[in-house]
Structure formats: C-alpha cells, structure tokens
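I have placed the structure first, in the form of structure tokens, so that the comments after it can refer back to it.
Sequence lines set the chain letters: A, B, ... in the order given, protein chains first and strands last, and positions in each chain run from 1.
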Protein chains: 2
Amino acid sequence: MSEALLEKKCIKIAIVEDFKLTRVGLRCALNANEDMSVVAESEDAVEGLKLIERTKPDVVLMDLGLPGMNGIEAMLKLKEITPCTKIIALTSHDRGEEVVAALSSGANAYCLKDIDPQKLADVVRDVAKGVCWIDPVVAPLALSSLPKVENIGFLPDKSCNEGRVPLTEREFEVLKHLVLGKSNTEIAKELIVSVHTAKAHVCSILQKMCVNDRVQAAVKAVKEGMV
Amino acid sequence: MSEALLEKKCIKIAIVEDFKLTRVGLRCALNANEDMSVVAESEDAVEGLKLIERTKPDVVLMDLGLPGMNGIEAMLKLKEITPCTKIIALTSHDRGEEVVAALSSGANAYCLKDIDPQKLADVVRDVAKGVCWIDPVVAPLALSSLPKVENIGFLPDKSCNEGRVPLTEREFEVLKHLVLGKSNTEIAKELIVSVHTAKAHVCSILQKMCVNDRVQAAVKAVKEGMV
DNA sequence: TAATCCATTACCCTTGTGGGTAATTAAAAT
DNA sequence: ATTTTAATTACCCACAAGGGTAATGGATTA
C-alpha cells in the first residue's frame, strides 16, 4: 500500500462543471481510484479558476458548455496562471470548431461525457503525463485541422534531410537571433563580432538547413522546434 | 475464454518496421495480449502495403524512418486503399515537422519507441476505437500546430479584434507566399501582379502585424497558426 | 606532425528589402 | 450619392541580403 503510494503518486484533480449530477458522477468515478483524488470542484469558471490557483491540481476536468465565461476562455486564463496544469475538455456535444478551439487553447484531451468512467481514469493518468488524448468521435475533426503535408514541405528535399548536417553551437546562437527577425548587423552587434562573421554564419546556416533564404530558415526552425 | 473472445474481439495488427529487433519486440509485446494479434510484418513500406491490403488489419504500427518510401508517403497510400485502418506512427526521434506531417497524413497516434510495452497495448486498444493518442514529448508540438482560437472566430469579436487590424484576403495570400520564403519578385509573379503591388502588400502586412521585417512576420504567422 | 574543423575577418557584386509618398480604379458601405 | 476601403501601379532611396572566394588563428583529432 505504501509501496503503491510511493510508486504512483496521487494525481490531484479539479472539476469545473455546472451540472451537479455530472459533477458528483465525475468525483465518485475518479475518487474510486487510489492514485487520484478530486481536490476542487466548481460549477462556474470564475470560481473554478480561483480554486485551481489555490489547490494547484495536476489535471483539470473542464466542461465547455459553462454559463457566463465559457470553457475556452477559462482554459486560456488557466494556462496563463498555471501553465503546467493539464486540462481535459469535457463536452456532451461534438461541434467541430469547438474541438479545435479547445485543443489549441490549452486542452490536452477532449472527452465526450458518455465516456466510460474507468476509461476516463485512464485518460486522467495519461494526461497527467502530458499525453494528448482525443475521443474517437471528434478525433478526425481535430486531425483534419492540422496543416497538410504539402504545406509543411516534408516530402521534398528528402536527400537533404537524410544527410542532415548539424549546426555548430555558434550557428545556433545566430539562428536564435535570426528567428527573432534580427538583421545581420544586429546579430553581429549582439554577438560582438563583425558583420562579415554574422553573414558567414548565416550563409552556412542556410546551406546546412537546405533553404534559400533566412525566412525559410526561420520558419523551418520554428516548425521543427529547433529554437 | 470463449467469453473473452466474444466480449472483446481480437484486434488485428500489422507492423511495418525496418529494424528486425524492434519488430520482434513489438510482435512479442503485442501478442502477449489475448485481445490482439499481429497478422502481418514487413521491413519496408512497399511490401508492407501489399500485406496490409491482403490481411486487412485493424491497426498498423508504422515506423517513420523507413528506407526507400518513407512512413509519411506510406501512410498516405495506405489511407487511399484502406481508409478505415487505424495507424500508429512510431519513431525514435521527435522532429516537430514529422509529428505534424504524420498526424495530418493519416496517423491516429504518435508514439516514441521508448514507450512502455504495456502502455503500447493500451494505445493499440484505444486507437482501434478511433482515439487520437499523442506521446507527451511531442504533444505540445502537435497541439501548437492547430489553428489558433482567434483565427477560427470562436470567441467572436472579443479579445480578437482588440488592437489587432485584420489582414485582407489578398494580404493573406501574400502572407502565405511570404512564409514559404518567397521574395517580393516571386510573390508578384505567382499572384500575377507587379512587384510594386507585392511590395505594397508586404508593407501593409508588416504594419498590421506590428513587426519590423518579413522574418518576424513569417515567424509570427507560423506561431499563431495564421497559415 | 599533419589534418581537420570552427570562428573570425575581408572583399566584390547583384539582387532584394522596406520606408515614404501618391495616383488610379473598382467595389462596398453609408 | 458620397465616402470608405482594397487593390493596383509607380517612383525614389538607403541599406541589407546572400553568393562567391579566401585568408587567418586556435583547437581538436588522427
């Protein structure tokens, strides 16, 4: 028992949901698991945010159809005050734009309310680790909102991506400034080198990244999470 | 036993993976579960697609780093021939572009190869039902590629238009090309206007987006999901 | 010791960039 | 009917970008 407590630490959960019955249902379903515990409950977003700020839960179950401030706004605010808190968006309907809005506003998971309680507990465990989990009914909607392959330039330049030449440490420094929109002159000043040097670095960055200009380099760097 | 077979029908799995050891590992890990069975294995995409067409698995584990045809291409083809097959993208690295490319090309899940075997079995079960599951390490990358709330008009006219001047349709066109790294001259050619026009559009884009140069505009556009 | 890689500097040259200003036309809103 | 907005074109100008080529010193590696 103490072993279990050591091994999997308890996941703290907050519930923001206006229907009392659903709230009770969620609490019971989740508290039935030894490795999680509901530490806060609220029926509206404003009070919910206060409670969350105080209790610092690991995972928040957020209903999207709240009166007053809606769930999307609440999540945006929540991510501002406690960015590490994971959010599971809960809803009874399946409006396409709401799915995308929720996920891009900070939700890590999107569940319909008819989810099996035991499955919900699994999702809570996954989400606590940072997993993104999307209900089967709405998953296609979310996935189809992602930028298409043709627009990420993933397929072309295969030869280039294979023989990928790594950037040097210095070049990474330059790349960071480049992504911020700095000119070669500015980069040179900040790195305390001559413009010639900065230009030289930029040139080799462009070659190594297999791009034609600094805009492509910046975009590629952002998309690949290099910076 | 027959009860179990009735209750949860067996999930048929195909594995496309070039490393023999990994392949064996996956097979063993998954076959250890009573409710699933590996029905096809291949070390390259071309043969894999044939096998999949013949064996019609419920779930395909697809390595992304295949020799020859890469995993992304293979998934696109796979979705053409058997659209209902669910795909789990497997990879050992975590390149941002690849995550988005895989998910938008048909993958229902994205796992890193260091996933716990038992967890992988859970994911297979989820994915067979249509769930979208994304590994914690890459989930933020995928979620941040979704279009932002402001750009889906979900929060109508509230925080959206506050201090932000919206781009015109034409300017959006130009912005798309700009993000691709096109020069003003190239943009002009593709939009069949004069260079002067292209420049004018770029200028107003810079002003409206409150940035100093096209690099910042491109980065901001990518980060905010405007394109 | 020799070879290699990296950071640094420098030059020339062509093309691109971005600011400023301003005119024309068509469409849309008042 | 009048005003506003968007798109288009045009000009000038200072400066930046990126390609090419090449030299130097320092550090690491073979």
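Distance, B:E171 CD to D:dT8 P: 10 Å, rounded to whole Å. Here D:dT5 presents its P atom at 18 Å from CD of B:E169, a figure rounded to the nearest Å. Atom CZ in A:R214 sits about 11 Å away from atom C1' in C:dT17, given to the nearest Å. If you take NE2 of A:H201 and C1' of D:dG18, they are 16 Å apart, rounded to a whole angstrom. Rounded to an integer number of Å, the gap from B:H177 NE2 to C:dG16 C1' is 18 Å. Counting to the nearest Å, the P atom of C:dT17 and the CG atom of A:N212 are 12 Å from each other. Between the CZ atom of B:R170 and the C1' atom of D:dT5 there is a distance of 16 Å, rounded to whole Å. Between A:K182 atom NZ and C:dG18 atom P the separation is 16 Å, expressed in whole Å.
Side chain of A:K220 to main chain of A:M209: a donor-acceptor pair is present (N/O by atom type, distance under 3.5 Å, no hydrogens or angles). With hydrogens and angles ignored, the 3.5 Å screen pairs a side-chain donor or acceptor of A:Q216 with a backbone N or O of B:L180. Between the side chain of B:Q207 and the main chain of B:S204, no donor-acceptor pair closer than 3.5 Å is present.
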Whether each nucleotide of nucleotides 20-30 of chain D has a protein heavy atom under 4.0 Å at its base (B), only at its sugar-phosphate (S) or at neither (-) is summarised, 5' to 3', as -----------

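Within residues 183-196 of chain B, the residues having any heavy atom under 4.0 Å from DNA chain C are, by residue number, B:S183, B:N184, B:T185.
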Under a 3.5 Å cutoff on both atom distances, Watson-Crick or G-U, what's the dot-bracket for DNA chain C ([ ] crossing, | other strand)? ||||||||||||||||||||||||||||||

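Between B:K119 and A:D126, at least one side-chain N (NZ, or NE/NH1/NH2) sits under 4.0 Å from a carboxylate O, which counts as a salt bridge.
Within the structure, every pair that satisfies the salt bridge (charged side-chain N to carboxylate O under 4.0 Å, His left out) test and touches residues 185-195 of chain B, not counting sequence neighbours, is listed here: B:K182-B:E190.
B:L51 is linked by a side-chain contact (heavy atoms from CB on, under 4.5 Å) to B:A40, B:S42, B:E47, B:R54, counting only residues two or more places apart in sequence or in another chain.
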Give me, pair by pair, the N or O atoms of the protein and of nucleotides 23-25 of chain C that are less than 3.5 Å apart, along with how far apart they are.
none

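Using a 4.0 Å heavy-atom cutoff across all strands shown, A:T168 reaches sugar-phosphate atoms only and no base atom.
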